[in-house]
Asks: 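I have a structure I would like to understand better, so I am pasting it below and will then ask my questions one at a time.
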Amino acid sequence: AKLPRLRSIPSPRIYTRFFIPKWNTHLKIGAGIFAGRIPYAWLGGIVSNNGNKIDQYISKQEQLRNYPFNPNNTLVHFIPPLNHTINKGTVYLSAAKLNLPSILRATLQVDKTINPTTVFTLQFMYYKNLSELVFSNVNINNAISYLDGPDTRLIHAPNDSLKIAINQNGTNPYDHIILIKNSNSALGYGYEMSFQLKHQQQQKSGLIKYSLGNAYSLYDGNYLIAVNHWKLMEQSQGRNHISLSASDFSQGHRIYAEYQFKIRQQKNKRFTGSIHYNGQSGAPYSFVYGKGNLSGDDPTTSGYDLIYIPREAEINQMYFEPIFKKDIYFTSDQQKEALNIFINSNKYLQKRRGLYAQRNESRAPFTHRIDLKANWYLPIKIHTQKIHLNFSFEILNVANLLNSKWGQQLQVAGGRVKLISFQGFKNNQSLIPIYSFDPSLSSQSIFELNNSLNPANTSNWMFQLGFRLSFY
């Protein structure tokens, strides 16, 4: 339960700009180091889950009947069952010294003034992680077995000893022992390039912008509980061997355009209106095994092992168990044929035959969205007091209001397509996997509508009214 020593990180920054009169162009260059912090919940887990505060006694039911629930029991005179095992849950550790997460970011921007009202902007941004945190489970042995078949990945086989023996009798009371440390291997990075054309007049303005951004990471920091970073990470070589992959927040292509206008009326009244368009690449997703834990490093968690994408000839070498789906019986050959059709119909899978699927290297369809906004500004004077009234009206995703098929945002549930199910092994000596595939996936979409209530992501149209009083 000893907290790490957090090292301080200098954050120097530099910025300069030049004006080139001959081309009527401004050149802006900036670079710097930016440091973040570690979520307190990760550090708090080191204190609260230290292996000495939680004991779970596991015994036969007839013995447990002698221990009725007692909210006032302080366990001072607790006598455990005669025959029992103890589970101490998950323990969190950290390296003795930790560098706070930090990045080096550099930006280059060129502003070309075409005329007094029009500016063209070109921008490039690049960042590189200087230090970041990774999570490993030091409670398990290294994998020593290989799958038998087209997919020959290294796994923890059923007959292998998964947990490191701690007690003299070879048992281990801990579920996981998660070590938080700085990465000493590849570090995340990303970039964004964009160009923009902006036209600005006194009563109206408009702009159009295109950008392309990609980001690559080890972990994306999505979870409050540290063990979930280890458990819920898509991988093909085991959860203790994570490699750089596309981030959940990688932007892709984006096109943005807007037009705004103002109408001034008598007595300082004014009306402003605007229309906004946003077209963007869909969210990234991965292809995984949907049932069972193929890697064997965490038998209680499934759906995070990236699939091996078999060649057409290799599909015939794989063992598929006959299944029933919606009262329809599918033979092994029918599943193989349907899987081959699905792979051939997907450009990414077809290109990656004979290789492992990559995390987040597929994307949902491109999305289109239009928003309308209007605002009325009405100054009122009561005696000597000036009051400013603002009425606003917004229609978000207005295209969906006109047609229910427009403005849709499609997504893959959980960011993972559970393409093939892992049913176990034919036997524990040869480690030949047993698979199954639902042929209905070949004839139905893997995407679903995003019906989130978040206005930024929903497929539904929304409107919102606003009213504000300002006294000044």
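Fair warning: this is a prediction, and the values are worked out from it, not measured in the lab. Numbers for residues simply follow the sequence, beginning at 1.
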Asks: May I ask you to check whether Tyr126 and Tyr191 place their ring centres under 6.0 Å from each other?
Replies: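 Judged by ring-centre distance (under 6.0 Å), Tyr191 and Tyr126 do not meet the cut-off.
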
Asks: If you count heavy atoms of other groups shown closer than 6.0 angstrom to CZ of Arg5, is the number above 12?
Replies: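 No, CZ of Arg5 has 12 or fewer neighbouring heavy atoms, counting only those of other groups under 6.0 Å.
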
Asks: May I ask you to check whether Trp406 and His368 place their ring centres under 6.0 Å from each other?
Replies: no

Asks: Go through Leu93 and Ile177 one step at a time and tell me if the side-chain contact (heavy atoms from CB on, under 4.5 Å) criterion holds.
Replies: CA-CA 7 Å; Leu93 306 174; Ile177 301 178; 3.5 Å; yes

Asks: Could you check Tyr435, Phe287, Tyr289, Tyr356 and say which one makes a ring pair (Phe, Tyr, Trp, His ring centres under 6.0 Å) with Tyr308?
Replies: Tyr356

Asks: With a cut-off of 6.0 Å (strictly less than), are more than 12 heavy atoms of other residues, nucleotides or ligands near NZ of Lys198?
Replies: no

Asks: Donor-acceptor pair, Lys163 side chain versus Asn141 backbone, under 3.5 Å?
Replies: no

Asks: Give a yes or no on whether Lys128 atom NZ has more than 12 heavy-atom contacts from other residues, nucleotides or ligands under 6.0 Å away.
Replies: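 Yes.
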
Asks: Counting only heavy atoms not in Leu453, do more than 12 fall under 6.0 Å of its CG?
Replies: no

Asks: Is any side-chain N of the basic residue among Arg369 and Asp371 closer than 4.0 Å to the acidic one's carboxylate O?
Replies: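 A salt bridge links Arg369 with Asp371.
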
Asks: Is it true that, when you exclude Phe463 itself, more than 12 heavy atoms of the residues, nucleotides or ligands shown sit nearer than 6.0 Å to its CZ?
Replies: no

Asks: With Ser211 as reference, evaluate Arg254, Gln251, His253, Gln196 under the side-chain hydrogen bond (donor to acceptor under 3.5 Å, both in side chains) test and give the passing residue.
Replies: Gln251

Asks: For the residue pair Phe330 and Pro439, what are the closest heavy atoms and their distance?
Replies: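 The pair with the smallest heavy-atom distance is CD2-CG, 3.4 Å.
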
Asks: Could you check whether atom CG of Asn169 has more than 12 heavy atoms from other residues, nucleotides or ligands sitting under 6.0 Å from it?
Replies: yes

Asks: As an exercise, state the distance from CG of Leu441 to CD1 of Ile420, rounded to the nearest 0.5 Å.
Replies: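 So the CG of Leu441 and the CD1 of Ile420 are separated by 10.0 Å.
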
Asks: Answer with yes or no whether the side chains of Glu321 and Gln423 bring together a donor and an acceptor at under 3.5 Å.
Replies: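 Absent: no donor and acceptor within the cut-off.
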
Asks: Determine yes or no for a side-chain-to-main-chain donor-acceptor pair under 3.5 angstrom, with Asn427 supplying the side chain and Ser430 the backbone.
Replies: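 Checked: pair present.
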
Asks: When you look at Thr301 and Arg239, which way does the side-chain contact (heavy atoms from CB on, under 4.5 Å) test go after all the steps?
Replies: CA-CA 11 Å; Thr301 305; Arg239 289 169 170 78; 3.8 Å; yes

Asks: Please determine whether a side-chain nitrogen of the Lys or Arg among Arg359 and Asp248 lies less than 4.0 Å from a carboxylate oxygen of the Asp or Glu.
Replies: yes

Asks: Tell me, yes or no, whether the heavy-atom count around Ile225 atom CD1, taken from other residues, nucleotides or ligands under 6.0 Å, exceeds 12.
Replies: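 No, not enclosed.
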
Asks: Enter the distance from Asn340:CG to Phe437:CZ here, rounded to the nearest 0.5 Å.
Replies: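 If I round to the nearest 0.5 Å, the distance is 10.0 Å.
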
Asks: So how far is it from Leu207 CG to Gln260 CD, rounded to the nearest 0.5 Å?
Replies: 8.0 Å

Asks: Does atom OH of Tyr40 have more than 12 heavy-atom neighbours from other groups under 6.0 Å away?
Replies: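 For Tyr40, atom OH is not crowded (no more than 12 foreign heavy atoms under 6.0 Å).
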
Asks: Spell out, as yes or no, whether a donor-acceptor pair under 3.5 Å connects the side chain of Asn400 to the backbone of Ser404.
Replies: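 The answer is yes, because a donor-acceptor pair under 3.5 Å joins these two groups.
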
Asks: Between Tyr256 and Ile208, does a side-chain contact (heavy atoms from CB on, under 4.5 Å) hold up when you go through it step by step?
Replies: CA-CA 6 Å; Tyr256 176 77; Ile208 183 169; over 6 Å; no

Asks: Under a 3.5 Å threshold, yes or no: a donor from one side chain and an acceptor from the other, between Asp438 and Ser440?
Replies: yes

Asks: Checking Ser236 now: which residues fulfil side chain to side chain donor-acceptor pair (under 3.5 Å) with it, not counting sequence neighbours?
Replies: none

Asks: Would you say Lys336's side chain and Met318's backbone share a donor-acceptor pair under 3.5 angstrom?
Replies: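 Confirmed, Lys336 side chain pairs with Met318 backbone.
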
Asks: Just by distance, with hydrogens left out, do Ser136 and Asn240 show a side-chain donor and acceptor under 3.5 Å apart?
Replies: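 Looking only at side-chain atoms, Asn240 and Ser136 do not form any donor-acceptor pair under 3.5 Å.
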
Asks: Between Trp42 and Tyr223, is the ring centre distance below 6.0 Å?
Replies: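 Distance test on ring centres: not under 6.0 Å, no.
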
Asks: What orientation do Tyr219 and His229 show, parallel under 30°, tilted 30 to 60°, or perpendicular over 60°?
Replies: perpendicular

